Number of protein chains: 2
Amino acid sequence: MSNLLTTSDEILTSARTLIMSGGYNGFSYADIAGVVGIRKASIHHHFPSKVDLVRTLVERYREDAEVGIAALEHNVQDPLELLKAYAAHWANCIEDASRPFCVCALLASELPALPPEVAGEVKAFFRFLSAWLTSVMERGSREGALNLSSQPRVEAEAFMASVHGAMLSARAYGTPEVFPAILAPTLQRLSPTVAQ
Amino acid sequence: MSNLLTTSDEILTSARTLIMSGGYNGFSYADIAGVVGIRKASIHHHFPSKVDLVRTLVERYREDAEVGIAALEHNVQDPLELLKAYAAHWANCIEDASRPFCVCALLASELPALPPEVAGEVKAFFRFLSAWLTSVMERGSREGALNLSSQPRVEAEAFMASVHGAMLSARAYGTPEVFPAILAPTLQRLSPTVAQ
DNA sequence: GACAGCCTCCCTACCAGAAGGTAGACAGTG
DNA sequence: CACTGTCTACCTTCTGGTAGGGAGGCTGTC
C-alpha cells in the first residue's frame, strides 16, 4: 500500500505541531506515538534520538521556507508586495490555527537550553530569513519601491522582529486579528506612495 | 541569623533565571534545589506544586514591573523619553546578560502548553504592558510629544511586538547590540522632531 | 523561669509515572 | 538472504510530589 505520507514524514509533521504549541521540552516521543498511531520504539528507528528528530525538523523547515520564498519571488516582483505576501502568509496560518507560530521563533526563545545541534539550525534559519528580507529591502530601496528610513539590513531586522513579536501577541491575546493589525502600520510606512 | 533574602525569594529568583533560559518545561525542582542549596522536598514546603511556584513568579514579575514603571513615570515625564527608557532597560538587561529575556514573552510563546493558572497570569502581564504603552502613546499624541501614524493602541501593540521580537533576535544571533539597533529606527520614527 | 505546645523550615526516604533509549523478535518485501 | 519497519519488553534516569520526622524558635500558662 503506497502511502501518500511516509511514516517519517508523519512523525516530523506531528512533532512540528507539538513543538509549535509547547517548544522542545513540551513534547515527548510518547506524544508523537499517540498521534501517529505507532509505538514509541518505532520512532527511534526513524530518528535515533530526539536531537536527531528536531534537528531534521528544523533543517526541513528551513528548506521548505527556502522553496516557499523562491516560489513567492517567482510570482511576486514588487518588494512591498513581497513583504505583504509574507505577512499575509503568517496571518493566514495564525487565523486558521494550522501553523499559528513559527517553529524557529519559538525555539529561539529557548535557545540557551537547546541541544547545540538544534540551536545551530535555529540560528541558521534566522540568518537565512534575515538575508532574504535584507535583499528585498535593498532592492526596494534601489528601485524606489520601498520607503526606507534606515539601512536595508536594519529595516529587515526590524521587520522580522515585528513579525515575531506580533505572533507572540496574537498568541498571548488569543486573537488572530492582532497580527495583521500590528503589521499594517509597518507595511504602510514602507509604502512609497505615502512617503512624505 | 537574619538573612537578607528569604529562602522563598531565592527559590523564585533561581526559578526565574532558569525559566528565562528554557521556559516552563526547561527546569525542574531538582535544578532549583541545586542552585539554592536546599533539598527538592523543601521547595514543596514553600510552593506545594510547580504551578504554584510559576504562578507566584509571574504574579510577582508583574507586580515588580508595575512598581518599576510607576517609578519610571515619576522620574521621566516626556512620553518619547519613557519609551526610550523602557527600551534602554531591556538593552541593559540583555547586554549584561542579567535578565536577557522577558519571562512573560518566553512563557507566551509556549502558552498553549502552559497550565491554565500560569497562562492566565501571562496574559494579564500582556494586558498590563499594553495598557501602559497605550497610555504613553495617547498622552504623547495629545501633547504632540510623539509622532504617531496610527491609533495609540495600535502603535502601542506594534512597539511591544518590536521589543519582544528584538529580544528574540538578540538571542538568536547571540549579539546583544541587535536589540538597540532594531529599536532605534522605531524610536526615531516616533520622535516629533523628525516629523514630516 | 520552666515547660509544654505549636509553628516554621528543612531533612531523609520514598513513590508512581514519564522521560529518552535499547535489545531482540517477527513479518513483509525485493 | 538481507533489508525495512514495526512490535513487545525492558532499562535507567528524571519528574513532580508525599510521608513523616527532627531541630529550632515563639508564646502562653503555671
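Letters A, B, ... mirror the listed sequences (proteins, then strands); counts begin at 1. Note: hydrogens, waters and symmetry copies are ignored here, and every other heavy atom, side chains too, is used. What you are looking at is a predicted structure, and each value in this text was computed from that prediction instead of being measured.
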What is the distance, to the nearest angstrom, from the NZ atom on B/Lys40 to the C1' atom on D/dC14?
8 Å
Any side-chain N or O of B/Ser28 below 4.0 angstrom from OP1/OP2 of D/dT15?
yes
What is the distance, to the nearest angstrom, from the CG atom on A/Asn25 to the P atom on D/dG16?
11 Å
Starting from P on D/dC7, measure out to NE2 on A/His44 and report it in whole angstrom.
13 Å
Show your reasoning for whether side-chain hydrogen bond (donor to acceptor under 3.5 Å, both in side chains) applies to A/Ser149 and A/Glu155.
CA-CA 8 Å; A/Ser149 50; A/Glu155 290 280 353; 3.1 Å; yes
Rounded distance (Å) that lies between atom C1' of C/dG21 and atom CG of A/Leu53
14 Å
A/Tyr173 and B/Glu157: side chain donor to acceptor below 3.5 Å
yes
Using atom names, set out every protein N or O paired with an N or O of nucleotides 1-5 of chain D below 3.5 Å, distance rounded to 0.1 Å.
unit_1	atom_1	unit_2	atom_2	d
D/dG5	OP2	A/His45	NE2	3.3

So what does A/Ser42 hit on the nucleic acid, given a heavy-atom distance under 4.0 Å: a base, only sugar-phosphate, or nothing?
base
A/Tyr24 six-ring centre to A/Lys50 NZ/CZ under 6.0 Å and within 45° of normal
yes
B/Tyr29 OH to C/dC15 C1': how many Å, rounded?
17 Å
Looking at CD of B/Glu63 and CZ of B/Phe128, how far apart are the two atoms once the value is rounded to the nearest 0.5 Å?
10.5 Å
Does this structure show an ion pair linking B/Asp9 with B/Arg60, if we count only N-O contacts that are shorter than 4.0 Å?
yes
Quick one: A/Asp31 CG to C/dG17 C1', roughly how many Å, whole number?
14 Å
Does any donor atom in the side chain of A/Glu110 or B/Ser109 lie under 3.5 Å from an acceptor atom in the other side chain?
no
Donor + acceptor pair across side chains of A/Glu73, A/Trp132 (<3.5 Å)
yes
Secondary-structure stems, DNA chain C, at least 3 Watson-Crick or G-U base pairs under 3.5 Å:
C:1-18 with D:13-30, C:20-30 with D:1-11
What is the distance from CZ of B/Phe47 to C1' of C/dC9, rounded to the nearest Å?
14 Å
Atom CD of B/Glu138 with >12 non-hydrogen neighbours under 6.0 angstrom
yes
Mind calculating the distance between CZ (B/Arg39) and C1' (C/dT8) to the nearest angstrom?
19 Å
Starting from the C-alpha separation in whole Å, work towards a yes-or-no answer on ring-ring contact (aromatic ring centres under 6.0 Å, His included) for A/His164 and A/Phe101.
CA-CA 9 Å; A/His164 290 153; A/Phe101 216 93; 8.2 Å; no
